Amino acid sequence: METIGIWIAALLTLGIFSFLYKDNPFYKFCESLFVGVSAGYWFVTTFWQVFMPKLADNLVAGRFYYIIGAIFGVMMLLRLIPKIGWISRWSLALVVGTTAGLYFTRYLVSNGMVQVQYTIISLYVKGNLSQTIGNLVIVIGTFSGLIYFFFSKEHKGAFGGLAKLGIWFLMLSFGASFGYTVMSRMSLLIGRMDFLLGTWLGLIR
Amino acid sequence: MVRFSFIFLFILLLFSSAIGQEATLPPAPSTDVMAKDTPNDAGGSITISWKKSPDDIGTVREENKVKGYEILRSTEGKGEYEVLGKTTAGSEIYFDTHAHNGVPYYYKVRALGIQSFSESLPSAPAKAKAQWIDWRRKYTFLLALIVALSIVYFINQAKSGKQLFIRKIAGLEAVEDAVGRATEMGRKIFYIPGISDMDSMQTIAGVTILGQVAKKTAEYEAKLEVPTSRSLVMVSCRETIKEAYSNAGRPDLYNEDMVYYLTDDQFGYTAAVDGLFVREKPAAVFLQGQFYAESLILAETGNYVGAIQIAGTAQPAQLPFFVAACDYTLIGEELFAASAYLSRDPKLLGSLKGQDVGKFIFLFFIIVGSLFLTFGIYDLSFLFR
Amino acid sequence: MRREIPLAITAIVGFALIIVYFIPHPPFNASKDFFEDLFFIIAAFAIWLGCLNLLKVNADKVYLKKKGWPFSIVVWFGFFLMVIVGFWEGRGFMNPGTTFYYLYDKLYYPLNATMFSILAFFVASASYRAFRARNKEATILLIAALFVMLGRVPFGYYLSSWLPEGWRLGNITDWIMDFPQTAAQRAIMIGIALGIVSSSLRVLLGLERTFASGE
Amino acid sequence: MKFLEKLLAVDRRIIFLFIAIAVALPLFFVVKLHIEVTPVVRNLHNALEALPPGSKVLVSLDYDPGSMPELQPMAESFFRYCFNRDLKVIIMGLWPNGPIQANVALEVVLKEPEIMKKNLKYGIDYVNLGYTAGNEVVIERMGSDIPVTFPKDYSGNKTEDLPLMKGVMNFNNIDFVYNLSAGYPGTVEWVLFAVDPYKVKLGAGNTAVQAPQIYPYLNSGQLVGLLGGMKGGAEFEIATGYPAKAVRYMFSQSVAHAVICLFILLGNFAYFATRKKKGS
């Protein structure tokens, strides 16, 4: 059973890779299978790990107000019927409202205020040159980067110079992201190669 | 009498030697156990604090060291105590999260040794209660209020027809060149609004920018094509282009087939667009909206066929690939600013201005706060805690 | 009505959650827990909606004999294979050793992982054919990228081990990541935070209503 | 310069072939490489070392098989470390696949002879609470009540009946949170919804794509340490003294990076050389 499974997995892997040569029916087959299998997987997982414990168990335990959740949920599904699909917007509204309400304060605090709090730092650290330079870079980088995203003033003169500095900082960070993304993609490929050459063909230990 | 004192001494000696060899003496108890309502919460919680056992401070012999603390609770000062929970050595605080509001509770802290333990004196009683205002968050409230009010204020200003200034955005200047070049070469222009649906702010911004690009293609009589990966995006793009063409006085040039739906699937869509690029060799490619991993594949192919590429997204992870492979890139918020700049939509303009107020506050405190701290004047960072 | 009720729901839920952040007292804190529970359940239904929609689209394809319709049958097959086995297995459906786990390990995992690993190939071809130091900005980007790519692997250590400790590729990469990179990311984060604050506000005030209209 | 122009126009499938070889070939060799532990990984390791045995560690696995090569070695090395140090492990996932990935990792780690000796028991030494839909709202909810957020564990046992979960009400009863993340929801959400409001101690392992965006949280101290990508995983394996999968893959990773760098340099050289010629 295990051997058959490994062969299936290997063939599917090669099927996806075949796209690199050319789009072909074998790839299309693997892709469609992927779409179906992952949808099925999500369907089953949400059933056993959300519906049963969160909805069914609560109703069985006599907390009947949870029926409201079911009602809103079913309203969501009504989108499939075009005529009364509009009613799904009620449940969508609840989802949108929850995220908007939570995001409003959380992003302001964690991505805004807390980051500013830690950017208010001393520009001179006694006896520690590298930390001094580091702190200076942090403050100037954050400041000039924000200047670049300030839209109420034309980028001219000293302000324009700061914005220019800001864009250089941004580019440096994009370069870093670039390097890290390459790293990620290569790791994934290593994983697949290890499977094909090791687990499947047994060429490497 | 003398004999008795000898026996007494003997017993004492026995004891002390036992202590020296076995070290089973319990650790010294912790002191000053205090309990009070946990502030700024919805009730149901009491904060218990204490001073560490002397055997939990500094270098104590491993055998005598405190291994942790157990917190005990009772509803009567002298009654039965139940164990609430355990915390690690070195801690001086514990939150009882199982308290009922309004019930007085007494607490004891038990310092745990290897085999034995010692208990502190009970605390004074404390009751949990709910507070109306979380005072720790007063500055957050203030800032949220300022930003929110300025957004609302500027939206109203824009609505009442006041001209709000927005700086020039570099990539947008290139739109005209790109469209002109496409007309000269007689090749197509492809506009890709990303793979997300209309619920994404980035897609909406992308579609807004499409309206302006379409105005230019109408003026120059260039050929525009928009493959989409969502049916809803297709509908919106059609409406946007139709409107742009009739505004430019060329409704005759508009044709529904300029916008078409390919597939919802990420890589399926990418493969299809890839094929279009290679076959049609467009003169210009616009990539504006929310992009994921496909950004790289699209930008690479567009570059390979020699198109001028103008990209824009607020996905930080995809920006590097756009910057490296495209001629112009709208970075992050520039995408939203561009759509506000082009559409002059009051709610977009107003929000952008309101956000600038927030940015101004942050910029001000970063510089002033850091300078104050450098010269040892005052630490302003508490304002953002 | 069709428009007002959803907008009202959004506003009530959203503002309640903002208020409870500042006012922890009942009844606000209870409203938070309740809305969050509702959110879980609706979120699960939303996932089901996506699945059912997928089935519908593919059924249409088969029914209308659209181009590539046999592949839609494959989608259906994959879906029901997982669903039938998953329901059959019961609550412990994902424990190692079950049939569902076998399908996960032999179908879902290789497909998913390979799908993303093909990007490695495209990174390679893009780095050769598309990533150009066409201007100052792109040049800075590419130089930083080269440093990080080499500095983050042991290879960078061997390339620069002749340099004094603290000035090697790895150290330079650490410095780039810790300071200029962090500073720029912070600027981006603060910008995004304000963007989210303003779009949330627009949604709650009913100014942004794309979600409540259309279709 | 004709040659360079031709070189630039090479079919991309040839480049594909190059990268396949660059990744595959090094896998055949076992090379002992020098792997330096960077400060961000060292910090995470130190924070974990400071936890006394018996501490409760919450591990949230927020990824799916797509990121397995990067994050799975991190999951394995983390579990191995916790069990060796007698830390109690509570597993959960914000992604439906997370808890399964945990089981996959546990299957590997629990079979190792040193761990076998400890005779670990489910429910006492580790639990798997499974997945709950709701993304960051799940974290938010855990701040007030973990048993309500996860009423049943992965196999359907009541959470409250598990000995390890006795007295675990919310984040106050958790000593450390470790998050393995491949995107949304993930480390950013843990910082926003657990660290800031509930002062949780958080360490994370991320895919390399994510890592740069996480650095500001390190500098601000919202995050104690970070493993970035497979290299971060390898460093953690070195730091804990158990070199495993990630270390083994490092040679391949090195060669792949070198090839990409060469491609960028070569591509730019050819591009500018041909352009200069056209210009003159």
Side-chain angles (χ1 to χ4, degrees), chain A residues 5 8-9 12-13 16 28 32-37 39-44 46 50 54-55 69 72-73 76 86 89-91 93-94 96-98 100-101 103-105 107-108 111-112 115 134 137-138 141-142 145-146 149 169-176 178-179 182 185-186 188-189 192, chain C residues 2 6 9-10 13-14 17-18 21 35 38-42 44-47 49 51 54 71 74-75 78-79 82-83 86 91 93 106-108 110-111 114 116-117 119-121 123 137 140-141 144-145 148-149 179-181 183-187 189-191 193 196-197 200 203-204 211-212:
Chain A
I8 293 172
L12 294 177
T13 303
I16 303 273
K28 277 256 165 61
S32 309
L33 189 66
F34 175 48
V35 170
V37 163
Y41 169 74
W42 279 80
F43 198 88
V44 172
T46 43
V50 183
K54 283 252 144 58
L55 189 60
F72 269 102
M76 191 73 141
W86 56 270
R89 279 184 224 136
W90 291 26
S91 356
L94 202 135
V96 171
T98 310
Y103 275 18
F104 183 90
T105 46
Y107 268 89
L108 184 68
N111 270 14
Q115 297 308 318
V137 166
I138 291 255
T142 311
L146 262 180
F149 290 123
F169 269 99
L170 291 177
M171 288 305 149
L172 206 76
S173 93
F174 291 156
F178 183 108
V182 171
R185 304 295 180 230
M186 290 304 154
L188 297 188
L189 184 56
R192 288 332 283 155
Chain C
R2 282 190 182 187
I9 294 175
T10 306
V13 175
L17 289 172
I18 293 178
Y21 187 78
F35 288 142
L38 283 188
F39 181 89
F40 291 143
I41 296 168
I42 299 173
F45 270 103
I47 290 171
L49 175 68
C51 296
L54 181 82
F71 294 114
V74 179
V75 173
F79 181 83
M82 293 305 267
V83 168
R91 244 183 178 146
F93 68 107
K106 303 300 185 242
L107 295 182
Y108 183 74
L111 285 167
T114 314
F116 280 91
S117 74
L119 287 163
F121 293 99
V123 164
E137 282 80 30
I140 298 176
L141 188 154
V148 170
M149 271 189 274
F179 299 112
Q181 200 278 142
Q185 287 288 351
R186 239 179 223 172
M189 277 164 68
I190 294 172
I196 285 180
V197 165
S200 301
V203 164
L204 296 184
F211 74 90

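Order of the sequence lines sets the chain letters (A, B, ...), proteins ahead of strands, with each chain counted from 1. Predicted, not measured: the structure shown is a model, and the values here were computed from it.
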Look up atom OG1 in A:Thr105 and atom CD1 in C:Ile196, then write down how far apart they are to the nearest 0.5 Å.
11.5 Å
Among C:Met149, C:Gln185, C:Met189, who wins on heavy-atom pairs under 4.5 Å with chain A?
C:Met189
Given a strict heavy-atom distance threshold of 4.5 Å, which part of A:Val35 is in contact with chain C: side chain, backbone, both, or neither?
both
Between atom CD1 of C:Ile18 and atom CZ of A:Phe104, what is the distance when rounded to the nearest 0.5 Å?
5.0 Å
Please classify the contact between C:Val148 and chain A as side chain, backbone, both or neither, with a heavy-atom cut-off of under 4.5 Å.
side chain
Can you check whether A:Phe169 reaches A:Val137 side chain to side chain, under 4.5 Å on heavy atoms?
yes
Measure distances from C:Val83 to the heavy atoms of chain A and classify the residue's part below 4.5 Å as side chain, backbone, both or neither.
both
Pick from C:Leu54, C:Leu38, C:Leu17, C:Leu141: which one has the most heavy-atom pairs with chain A under 4.5 Å?
C:Leu141
Quick check for you: to the nearest 0.5 Å, what is the distance between C:Glu137 atom CD and A:Met171 atom CE?
5.5 Å
So, do C:Val75 and C:Phe71 sit near enough that their side-chain heavy atoms are less than 4.5 Å apart?
no
ring-ring contact (aromatic ring centres under 6.0 Å, His included) involving A:Phe72 - partner list, sequence neighbours excluded
none
Look at A:Phe174, A:Phe43, A:Tyr107 and state which one has the largest set of heavy-atom pairs under 4.5 Å with chain C.
A:Phe43
What part of C:Phe116 gets within 4.5 angstrom of chain A, counting heavy atoms only: side chain, backbone, both, or neither?
both
Suppose we screen for ring-ring contact (aromatic ring centres under 6.0 Å, His included). Which residues come up paired with A:Phe178, at least two apart in sequence or across chains?
B:Phe321, C:Phe131
How about C:Thr114 and A:Leu12: do any of their side-chain heavy atoms sit closer than 4.5 Å?
no
Largest heavy-atom contact set with chain C, pairs under 4.5 Å, which of A:Leu55, A:Leu94, A:Ile8:
A:Leu94
Top of C:Val123, C:Leu204, C:Val74 for chain A proximity - count of heavy-atom pairs under 4.5 angstrom
C:Val74
Is the ring pair A:Phe34/C:Tyr108 parallel, tilted or perpendicular, if the boundaries are 30 and 60 degrees?
tilted
At a 4.5 Å cut-off on heavy atoms, which part of C:Leu107 comes close to chain A: side chain, backbone, both, or neither?
both
Chain C contacts, top residue of A:Ile138, A:Leu170, A:Val182 (heavy-atom pairs, under 4.5 Å)
A:Ile138
Flag the one option from C:Val13, C:Leu111, C:Ile41, C:Ile190 with the top tally of heavy-atom pairs under 4.5 Å to chain A.
C:Leu111
Count the heavy-atom pairs under 4.5 Å between each of C:Gly191, C:Ala46, C:Ala187 and chain A, then report the option with the highest count.
C:Ala187
I'd like to know if the side chain of C:Ser117 and the backbone of A:Leu188 have a donor-acceptor N/O pair within less than 3.5 Å.
no
Let's test your reading of the structure: which of C:Phe35, C:Phe40, C:Phe179 forms the most heavy-atom pairs below 4.5 Å with chain A?
C:Phe179
Any idea which of A:Gly112, A:Gly179, A:Gly145, A:Gly97 has the most non-hydrogen atom pairs under 4.5 angstrom with chain C?
A:Gly97
